[in-house]
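Have a look at the structure below before the remarks.
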Amino acid sequence: MALSRVFWARAALWDSAVIPGLLVTRRLQLGRSGLAWVGPRSSKLHLSPKADQKSWISYVVTKTKMINEKYHRFLDRHFPRFYILYTIFMKGLQMLWADAKKARRIKTNMLKHNIKFHQLSYREMEHLRQFRRDVAKCLFLGIISIPPFANYLVFLLMYLFPRQLLIRHFWTSKQQIDFLDIYHALRKQSHPEILSSLERAIPLISDAGLRWHLTELYAKLQHGTHPAISDILALRECFSNHPLGMNQLQALQMKSLSRAMLLTPHLPSFLLRHRLKTHTTVIHQLDKALARLGIGQLTAQEVKSACYLRGLNSTHVAEDRCRTWLGEWLQLSCSLKEAELSLLLHNVVLLSINYIGTRR
């Protein structure tokens with residue numbers, strides 16, 4: 001009996017080794033009798049399609065970063081000058097794209113909550129103002145890039161004329177200082193013309209007291225003295241009516257003031273007047289928002305940018321002096337009404353021409 005059991009066990013083992021399909025046949029037969037057949041389990045784990053897609057995307061991103069890093073090392077090693085320009089251009093595109101997204105968020109919030117421009121915070125107002133100027137400057141490049149193969153010419157022009165065609169995002173740190181100096185030198189060329197227009201306006205003032213105040217102010221400016229805020233505010237009536245009010249300015253005066261504000265003077269008189277009004281109104285609104293925020297809340301770069309916008313060449317002025325000058329500007333600006341904005345416009349010259357550190 002025992003021998004027969006051993007025999008049948010050996011026979012079963014031999015059959016399973018020699019005829020591997022026998023075991024499967026027996027399992028299928030057992031399945032017919034009511035038992036479920038279970039196939040052999042795989043030792044590998046299969047991820048879901050979503051997990052496979054994520055791992056594939058991660059792999060592609062990693063490989064792309066590696067190739068990009070190798071490409072940068074190749075350019076830096078073999079073409080160092082081109083690599084500097086390439087790096088500045090790519091960073092400039094990233095900054096411009098970030099500015100565009102931020103401007104879009106601000107505009108969306110304005111539409112959603114029915115907020116006007118003058119109701120925004122100082123930094124939001126300044127961001128929108130600067131972004132609009134940047135887009136207007138890039139518009140010329142976009143227009144000349146439309147014809148076929150014109151993009152090659154655009155790249156050449158960008159390389160040859162970076163100050164005229166590119167915005168600040170695409171300037172090197174040295175170019176930013178040099179170009180701001182060039183712009184301020186162009187701005188200073190209009191100062192003598194603006195002072196001459198003030199001298200010609202003195203006899204046209206009917207009030208003797210105002211005529212004396214303007215004469216004294218002109219004499220101080222000619223002798224290199226930085227005027228006090230009270231000296232300028234005493235003349236607010238002259239700049240709200242004839243002869244120096246915004247609506248009474250002559251074409252030559254508006255061209256000089258446009259150059260002082262770094263605006264193009266090559267426009268008809270009615271467009272020059274409209275643009276000067278709009279630009280001065282925006283600065284006045286910025287001043288009120290900045291007064292609410294406080295100069296102390298600004299970074300050093302924000303202070304210098306604010307001073308440069310208002311006529312001071314802040315690239316060569318210490319930060320504490322820039323804050324002092326900006327405080328004087330805000331004191332005067334926040335004291336003016338909308339009808340007196342011509343005085344704020346002339347203040348670009350009156351406050352900056354003899355400030356300490358700006359005379360050369």
Side-chain angles (χ1 to χ4, degrees), residues 88 91-107 109-110 115-138 163 166-184 187 229 260-263 278-336 344-345 347-349 351-352 355-358:
I88 294 172
K91 289 182 178 179
L93 286 178
Q94 293 174 0
M95 289 188 291
L96 183 60
W97 179 246
D99 286 351
K101 291 195 295 185
K102 184 176 180 180
R104 183 180 180 181
R105 287 197 301 268
I106 296 172
K107 294 292 290 184
N109 186 57
M110 291 173 64
I115 299 174
K116 303 299 182 183
F117 178 79
H118 66 275
Q119 296 174 319
L120 295 172
S121 65
Y122 171 75
R123 288 189 172 93
E124 290 177 334
M125 293 171 65
E126 175 60 20
H127 184 84
L128 280 184
R129 185 201 67 82
Q130 186 61 54
F131 181 71
R132 289 169 182 169
R133 289 179 65 88
D134 291 343
V135 170
K137 195 170 185 179
C138 294
R163 178 177 63 86
L166 298 180
I167 60 177
R168 67 194 191 286
H169 295 324
F170 302 99
W171 296 346
T172 64
S173 55
K174 183 178 184 302
Q175 284 177 334
Q176 289 183 7
I177 297 175
D178 293 342
F179 292 168
L180 290 180
D181 284 343
I182 292 173
Y183 280 128
H184 188 71
R187 191 158 57 181
I229 300 299
M261 300 295 287
L262 296 179
L263 301 174
T278 303
H279 193 70
T280 310
T281 301
V282 169
I283 292 179
H284 193 222
Q285 293 170 346
L286 280 169
D287 292 340
K288 291 181 178 179
L290 180 54
R292 292 193 298 267
L293 176 65
I295 299 177
Q297 301 298 318
L298 299 183
T299 64
Q301 182 59 41
E302 287 175 331
V303 169
K304 287 184 174 289
S305 297
C307 291
Y308 193 90
L309 171 65
R310 292 158 176 82
L312 183 71
N313 188 14
S314 53
T315 54
H316 302 286
V317 181
E319 180 187 347
D320 56 341
R321 292 192 179 276
C322 286
R323 292 184 183 273
T324 302
W325 186 90
L326 190 56
E328 293 181 0
W329 176 282
L330 291 183
Q331 181 184 349
L332 191 147
S333 178
C334 295
S335 302
L336 299 178
L344 186 67
L345 180 59
N347 206 40
V348 173
V349 178
L351 267 188
S352 64
Y355 192 66
I356 301 174
T358 60

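Taking the ring-ring contact (aromatic ring centres under 6.0 Å, His included) definition, one finds that Phe131 meets it with nothing, sequence neighbours left out. In terms of the side-chain hydrogen bond (donor to acceptor under 3.5 Å, both in side chains) criterion, Arg163 has no residue partners (sequence neighbours excluded). In this structure Arg310 satisfies the salt bridge (charged side-chain N to carboxylate O under 4.0 Å, His left out) test together with Asp287, sequence neighbours excluded.
At least one donor-acceptor pair closer than 3.5 Å links the side chain of Gln119 to the backbone N or O of Lys116. Checking side-chain atoms of Arg323 against main-chain N and O of Ile295 turns up a donor-acceptor pair under 3.5 Å. With hydrogens and angles disregarded, a donor-acceptor distance shorter than 3.5 Å links the side chain of Ser314 to the backbone of Lys304. In terms of modelled atom types and a separation under 3.5 Å, the side chain of Lys288 and the main chain of Cys334 share no donor-acceptor contact.
Counting non-hydrogen atoms of neighbouring residues, nucleotides and ligands closer than 6.0 angstrom, the NZ atom of Lys137 exceeds 12 such neighbours. Heavy-atom neighbours of Leu93 CG from other residues, nucleotides or ligands within 6.0 Å: above the threshold of 12.
Contact check for Trp329 versus Leu344: side-chain heavy atoms found under the 4.5 Å cut-off. Counting heavy atoms from C-beta on, the side chains of Tyr122 and Arg292 never come closer than 4.5 Å. In this structure the side chain of Leu351 reaches within 4.5 angstrom of the side chain of Ile229, judged on heavy atoms. Annotation: side chain of Leu326 is not in contact with side chain of Leu312 (no heavy-atom distance under 4.5 Å). Using a 4.5 Å heavy-atom cutoff, the side chains of Arg187 and Tyr308 are in contact. A heavy-atom distance below 4.5 Å is not found between the side chains of His184 and Thr315. Using a 4.5 Å heavy-atom cutoff, the side chains of Tyr355 and Arg321 are in contact. Between Phe117 and Val282 the shortest side-chain heavy-atom distance falls below 4.5 Å.
Residue Ile177 holds its CD1 atom at 7.0 Å from NE2 of His316, rounded to the nearest 0.5 Å. Taking CD1 of Ile167 as the start and SG of Cys138 as the end, the distance is 4.5 Å to the nearest 0.5 Å. The SG atom of Cys322 sits 11.5 Å away from atom CG of Leu298, with the distance rounded to the nearest 0.5 Å. The structure places CG of Leu286 at 11.0 Å from OG1 of Thr281, a figure rounded to the nearest 0.5 Å. From Met125, atom CE reaches atom CG of Leu293 across 11.5 Å, with rounding to the nearest 0.5 Å. Atom OG1 of Thr280 sits about 4.0 Å away from atom CG of Leu345, to the nearest 0.5 Å.
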Quiz prompt | Working for side chain to side chain contact (heavy atoms under 4.5 Å, CB included), residues Leu128 and Lys107 | solution = CA-CA 9 Å; Leu128 280 184; Lys107 294 292 290 184; 4.2 Å; yes
Practice problem: For side chain to side chain contact (heavy atoms under 4.5 Å, CB included), just list the numbers for Glu124 and Met110, CA-CA rounded to whole Å, side-chain angles, deciding distance to a tenth of an Å, and then say yes or no. | Solution: CA-CA 11 Å; Glu124 290 177 334; Met110 291 173 64; over 6 Å; no
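Residues Ala103 and His127 approach most closely at N-NE2, 3.7 Å, considering heavy atoms. Shortest non-hydrogen contact noted between Trp325 and Cys307 is CE3-SG, 3.8 Å.
Side chain to side chain, Ser305 and Gln301 meet the donor-acceptor criterion of an N or O pair below 3.5 Å.
Using a 4.0 Å cut-off between a side-chain N of Lys or Arg and a carboxylate O of Asp or Glu, Arg123 and Glu126 do not qualify as a salt bridge.
Of the listed residues (His169, Gln130, Gln94), just one forms a side-chain hydrogen bond (donor to acceptor under 3.5 Å, both in side chains) with Asp99, and that residue is His169.
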